[in-house]
Undergrad: 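First, the structure itself, so that you have it in front of you.
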Amino acid sequence: MKRIVSLLLCLSMLASVAVFNTLSTSAEEVEESAGQVYQVPQITVTTENGNGPALLKEDGYVNAHIVITDVDGSVLEDDVQFKVRGNTTAMGSTKKKPFTFKFAKKKEVLGMGKGKKWALIADAYDPTLLRNYTALHLASDMGLPYVSKQRISELWLDGSYRGTYTVTVPVQAGADRINIDDNYDDSNIKDFLVEIEATRVDEGTTYFTSNGLRFAAQEPDEPDETQLAYIQATMDDITGAIMNGTREEIEAKIDMPSFVAYYVFNEFVKTVDLDFSSAFFFYKDGKLYAGPPWDYDFAMAGGSPTATPVYRKAALTDGPYANDKQLFKYLCKQDWFMEQANQVYQDNYSHFYNVGREGGFLDTNAAEYADVFNRNYTQTEWRITTRWINYAGLRLPTYQENLDFLKNWCNARMLWMTAYFKPFNGEYLIGDADGNSEVDIIDATIIQRIQALSMPDEDGMISLRGDIELDGLDVTDATWIQKYDAMIEIPYQIGVPRTYEENKDN
């Protein structure tokens, strides 16, 4: 079945070369085509000096003009400030740089709310171009607060086609963003946003340390002494409670649902940055919230397993990961916190299951954007095999191979998470694919239909119940059920209540 899916995707990507010839490849042509329907939004940026592709982070903002054409033909056109953004991806190691553009006044962009500042994510280190996109969708599905909205788009910069970019709402305060009270004065100091920053030093950013954890103050931007003293004291109180307080003291100071969900989410994606950078927390209405999530191009085994011990651990599909990082180092030692984590994983099992399954989120989006992703590698100087820096994961020769690697990793991680958190423990029988409390030939037939992609498994429960060997649902599971139904001796305890640890021991 995987071969059939691979063949279909390859044919789609080959066909995209012909499709590309019908699209505008210059800024002028795109600007003249208002009203034309596109597969994804088209963005053209013309900088004042015409040197956009050569911009560096140290150049800061430059004057530019932007035209954003949505798939329905609607157009947003305005003057903006434009610059290279990011940290690792802003270095000279990659020519495909991420950017920020900023309007003079808040603008509605591509149906994602109003804001002055917007991010263009390059995903230069991710050959699938889907890790960030997938992670933010998963976080949103899990109900994490203020997850950044995003739209996959194509960028022209000073007449040069630059490939696939994701327009993303940056992590900052705003009515359509993180809705906190960032209206600061000496008598009105209430809410704030901070980011874990272990070592980085950026000009214009204020840093402080709270009980051994180093943070960057992000909102308010460049706080004055009074504001910083308030943020410092509030964070000291909260981090101190997390490290040494009782359950009641901790729950009084943090929003527990967001912390639990953020932990489970990061346990799945295993981002290398969790203990270092791009981990945000916001203070609102007297409590600290975890998130919003940000920066996942090196997550889900996107980084090199030979770079550092952290990268090596993050690349593995098994083993706990987020439980010894920053504030979670203390929370995960609490039995009551882990009990809530088990429940969150159970409540969101279908989302984790759907990421890497055949016909799931990754397959669906790779197929939907096949033409766009193909142009990113065939109509630019970027190549799928280019490994820009040593911290990036190794590249496989084709898009499909890179996608299959990501899918297989997510499936394996989901299986480990299921064994670790043990959702639905004792609530179903091994092999009972249809959930009717009996194991018979119908269950084998259902599994065969799932494998043939002729029957959906939208919530993943068929695969959970029918996975006899705990290695992912496949046709061998149907075979074991058929043998069980024929009363042939088998090495699995089909028909008994499932607990993952007991079944693994057998």
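Each residue takes its place number in the sequence, starting with 1. Just so you know, these numbers come straight off a predicted model, no measurement behind them.
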Undergrad: So, does T380 use its side chain to make a donor-acceptor pair with the main chain of N376 at under 3.5 Å?
TA: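 Side chain of T380 to backbone of N376, a donor-acceptor pair under 3.5 Å: yes, one is there.
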
Undergrad: The test is side-chain contact (heavy atoms from CB on, under 4.5 Å); show your working for F215 and E195 and say whether it passes.
TA: CA-CA 5 Å; F215 293 92; E195 176 187 5; over 6 Å; no

Undergrad: Measure the spacing between CG of D335 and CZ of R247 and express it to the nearest 0.5 Å.
TA: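 Answer rounded to 0.5 Å: 10.5 Å.
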
Undergrad: What donor-acceptor contacts under 3.5 angstrom involve side-chain atoms of residues 437-445, with partners at least two apart or in another chain?
TA:
| unit_1 | atom_1 | unit_2 | atom_2 | d |
| --- | --- | --- | --- | --- |
| D440 | OD1 | I442 | N | 3.1 |
| D443 | OD1 | A433 | N | 3.0 |
| D443 | OD1 | D434 | N | 3.1 |
| D443 | OD2 | D440 | N | 2.8 |
| T445 | OG1 | I441 | O | 3.1 |

Undergrad: Just by distance, with hydrogens left out, do T308 and Y391 show a side-chain donor and acceptor under 3.5 Å apart?
TA: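 No pair is found: no donor N or O on one side chain lies under 3.5 Å from an acceptor on the other.
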
Undergrad: Would you please say whether a donor-acceptor pair under 3.5 Å links the side chains of T128 and N402?
TA: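 On atom types as modelled, these side chains do not qualify, holding no pair under 3.5 Å.
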
Undergrad: Is a side-chain donor or acceptor of S148 paired with a backbone partner of V169 at a separation under 3.5 angstrom?
TA: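 Here the side-chain-to-backbone pair exists.
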
Undergrad: Treating R383 as the side-chain partner and T378 as the backbone partner, does any N or O pair qualify as donor plus acceptor under 3.5 Å?
TA: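 Not a single qualifying donor-acceptor pair exists.
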
Undergrad: Only one of I43, V40, V71 forms a side-chain contact (heavy atoms from CB on, under 4.5 Å) with R151, so which one is it?
TA: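 Exactly one pass, corresponding to V71.
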
Undergrad: Report the C-alpha distance between D457 and R357 in whole Å, list the side-chain angles of each, state the deciding distance to 0.1 Å, and finish with yes or no for salt bridge (Lys or Arg N to Asp or Glu O under 4.0 Å).
TA: CA-CA 10 Å; D457 185 14; R357 72 177 177 89; over 6 Å; no

Undergrad: Using modelled atom types and a 3.5 Å cut-off, is there a donor and acceptor pairing between side-chain atoms of D477 and backbone atoms of D467?
TA: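 Not a single qualifying donor-acceptor pair exists.
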
Undergrad: Between S350 and D459, is the side-chain hydrogen bond (donor to acceptor under 3.5 Å, both in side chains) condition met? List the steps.
TA: CA-CA 5 Å; S350 62; D459 63 2; over 6 Å; no

Undergrad: Would I462 and M455 count as a side-chain contact (heavy atoms from CB on, under 4.5 Å) if you check the C-alpha gap in whole Å, the side-chain angles of each, and the deciding distance to 0.1 Å?
TA: CA-CA 11 Å; I462 293 175; M455 179 176 176; 4.0 Å; yes

Undergrad: Please say whether the positively charged group of R387, taken as NZ for Lys or CZ for Arg, lies over the ring of W382, i.e. under 6.0 angstrom from the six-membered ring centre and within 45 degrees of the axis.
TA: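 No cation-pi geometry.
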
Undergrad: Can you confirm whether Y492 sits close enough to I430 that some side-chain heavy atom of one is under 4.5 Å from a side-chain heavy atom of the other?
TA: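 Sidechains of I430 and Y492: no contact.
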
Undergrad: Assess the residue pair K253 and D237 against the criterion (salt bridge (Lys or Arg N to Asp or Glu O under 4.0 Å)); give the C-alpha distance rounded to whole Å, side-chain angles, the decisive distance to 0.1 Å, and a yes or no.
TA: CA-CA 8 Å; K253 297 182 186 301; D237 184 44; 2.8 Å; yes

Undergrad: Do we see a donor-acceptor contact under 3.5 Å between the side chains of D126 and N132?
TA: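 Result is no, nothing qualifies.
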
Undergrad: Is the gap between the ring centers of Y146 and F282 under 6.0 Å?
TA: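 So the answer is yes for these two rings.
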
Undergrad: Side-chain contact, heavy-atom cut-off 4.5 Å: M256 with W336?
TA: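 Yes; the side chains approach each other to less than 4.5 Å.
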
Undergrad: Do K96's NZ or CZ and the ring of Y165 fall within the cation-pi criteria of under 6.0 Å and 45°?
TA: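 Verdict for Y165: a cation-pi partner in K96.
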
Undergrad: With a 4.5 Å heavy-atom cut-off, do M142 and Y262 have their side chains touching?
TA: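 M142 vs Y262: side chains apart.
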
Undergrad: Could you go through the side-chain contact (heavy atoms from CB on, under 4.5 Å) check for I447 and V475 one step at a time?
TA: CA-CA 7 Å; I447 293 172; V475 293; over 6 Å; no

Undergrad: Identify which one of F337, Y289, F281 satisfies the ring-ring contact (aromatic ring centres under 6.0 Å, His included) criterion when paired with F259.
TA: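 The passing option is F281.
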
Undergrad: T134 side chain to L130 main-chain N or O, any donor-acceptor pair under 3.5 Å?
TA: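 At least one qualifying donor-acceptor pair exists.
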
Undergrad: With under 30° as parallel and over 60° as perpendicular, where do the rings of Y420 and W416 fit, or are they tilted in between?
TA: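 Plane angle under 30°, so parallel.
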
Undergrad: Is a side-chain donor-acceptor pair under 3.5 Å present for S463 with Y353?
TA: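 The answer is yes; a qualifying pair exists.
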
Undergrad: Can you tell if the side chain of Q172 reaches within under 4.5 Å of the side chain of Q218, non-hydrogen atoms only?
TA: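 Of all side-chain heavy-atom pairs linking Q218 with Q172, none is under 4.5 Å.
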
Undergrad: Considering only heavy atoms from C-beta outward, does the side chain of N365 approach that of Y133 to under 4.5 Å?
TA: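 Of all side-chain heavy-atom pairs linking Y133 with N365, at least one is under 4.5 Å.
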
Undergrad: How many angstroms lie between NZ in K333 and CE in M243, if you round to the nearest 0.5 Å?
TA: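 The CE atom of M243 is 10.5 Å from NZ of K333, to the nearest 0.5 Å.
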
Undergrad: Identify which one of R375, Q39, Q379 satisfies the side chain to side chain donor-acceptor pair (under 3.5 Å) criterion when paired with E154.
TA: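 Testing E154 for a side chain to side chain donor-acceptor pair (under 3.5 Å) against R375, Q39, Q379 leaves exactly one candidate, R375.
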
Undergrad: I need the L129 CG to D297 CG distance, nearest 0.5 Å.
TA: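 One gets 11.0 Å once the value is rounded to the nearest 0.5 Å.
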
Undergrad: Calculate, to the nearest 0.5 Å, the distance between atoms CG and CG belonging to N408 and L362 respectively.
TA: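 Nearest 0.5 Å value for the CG-CG distance: 10.5 Å.
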
Undergrad: Is a side-chain N or O of D70 found less than 3.5 angstrom from the main chain of P41, in a donor-acceptor match?
TA: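 The answer is no, because no donor-acceptor pair under 3.5 Å joins these two groups.
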
Undergrad: Please answer whether the main-chain N or O of V344 pairs with a side-chain N or O of N348 as donor and acceptor at a distance below 3.5 Å.
TA: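 Such a contact is found between N348 side chain and V344 backbone.
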
Undergrad: State whether a side-chain donor-acceptor pair under 3.5 Å links D404 with Q400.
TA: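 On atom types as modelled, these side chains qualify, holding a pair under 3.5 Å.
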
Undergrad: Determine, step by step, whether E489 and K483 satisfy the salt bridge (Lys or Arg N to Asp or Glu O under 4.0 Å) criterion, reporting the C-alpha distance in whole Å, the side-chain angles of both residues, the deciding distance to 0.1 Å, and the verdict.
TA: CA-CA 7 Å; E489 185 176 351; K483 290 183 177 180; over 6 Å; no

Undergrad: Take atom CZ in R395; do more than 12 heavy atoms of anything else shown fall under 6.0 Å from it?
TA: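 Above 12, so yes.
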
Undergrad: To the nearest 0.5 Å, how far apart are NZ in K284 and CG in D181?
TA: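 The distance works out to 8.0 Å.
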
Undergrad: Can a side-chain donor-acceptor contact be found between E469 and W480 if the only test is distance below 3.5 angstrom?
TA: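 Note: W480 and E469 side chains meet the donor-acceptor criterion.
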
Undergrad: Run T239 and S210 through side-chain hydrogen bond (donor to acceptor under 3.5 Å, both in side chains) and show every step you take.
TA: CA-CA 7 Å; T239 57; S210 177; 2.8 Å; yes

Undergrad: Do R131 and D123 meet the salt-bridge criterion of a basic N to acidic O distance under 4.0 Å?
TA: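 No, this pair does not count.
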
Undergrad: Within a reach of under 6.0 Å around NZ of K287, are more than 12 heavy atoms found that belong to other residues, nucleotides or ligands?
TA: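 Count over threshold, so yes.
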
Undergrad: Is there a donor in the side chain of Q150 and an acceptor in the side chain of T166, or the other way round, less than 3.5 Å apart?
TA: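 No pair is found: no donor N or O on one side chain lies under 3.5 Å from an acceptor on the other.
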
Undergrad: Specify the closest pair of heavy atoms between I152 and F373, including all atoms of both residues, with the distance to one decimal.
TA: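 Closest approach of I152 to F373, heavy atoms only: CD1-CZ, 4.1 Å.
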
Undergrad: Side-chain contact, heavy-atom cut-off 4.5 Å: F192 with T234?
TA: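 Yes, close enough: below the 4.5 Å cut-off.
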
Undergrad: Run the numbers on Q340 and Y263 for side-chain contact (heavy atoms from CB on, under 4.5 Å), then give the verdict.
TA: CA-CA 11 Å; Q340 293 183 48; Y263 159 67; over 6 Å; no

Undergrad: Name every donor-acceptor pair, under 3.5 Å, that has one atom in a side chain of residues 320-329 and the other anywhere in the protein, sequence neighbours excluded.
TA:
| unit_1 | atom_1 | unit_2 | atom_2 | d |
| --- | --- | --- | --- | --- |
| Y321 | OH | T271 | O | 2.9 |
| D324 | OD2 | K313 | NZ | 3.2 |
| K325 | NZ | Y321 | O | 2.9 |
| Q326 | NE2 | L274 | O | 3.2 |

Undergrad: Would you compute the distance between atom CD of E219 and atom CD1 of I180 and round it to the nearest 0.5 angstrom?
TA: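 E219 CD to I180 CD1: 6.0 Å, rounded to 0.5 Å.
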
Undergrad: Report yes if the side chains of V264 and F352 come closer than 4.5 Å at any heavy-atom pair, otherwise no.
TA: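 They are in side-chain contact.
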
Undergrad: Where does the angle between the aromatic ring planes of F265 and Y296 fall among parallel (under 30°), tilted (30 to 60°) and perpendicular (over 60°)?
TA: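 The arrangement is perpendicular - the two ring planes meet at more than 60°.
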
Undergrad: Within a strict 4.5 Å, meaning less than it, do heavy atoms of the N179 and D176 side chains meet?
TA: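 No; the side chains remain at least 4.5 Å from each other.
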
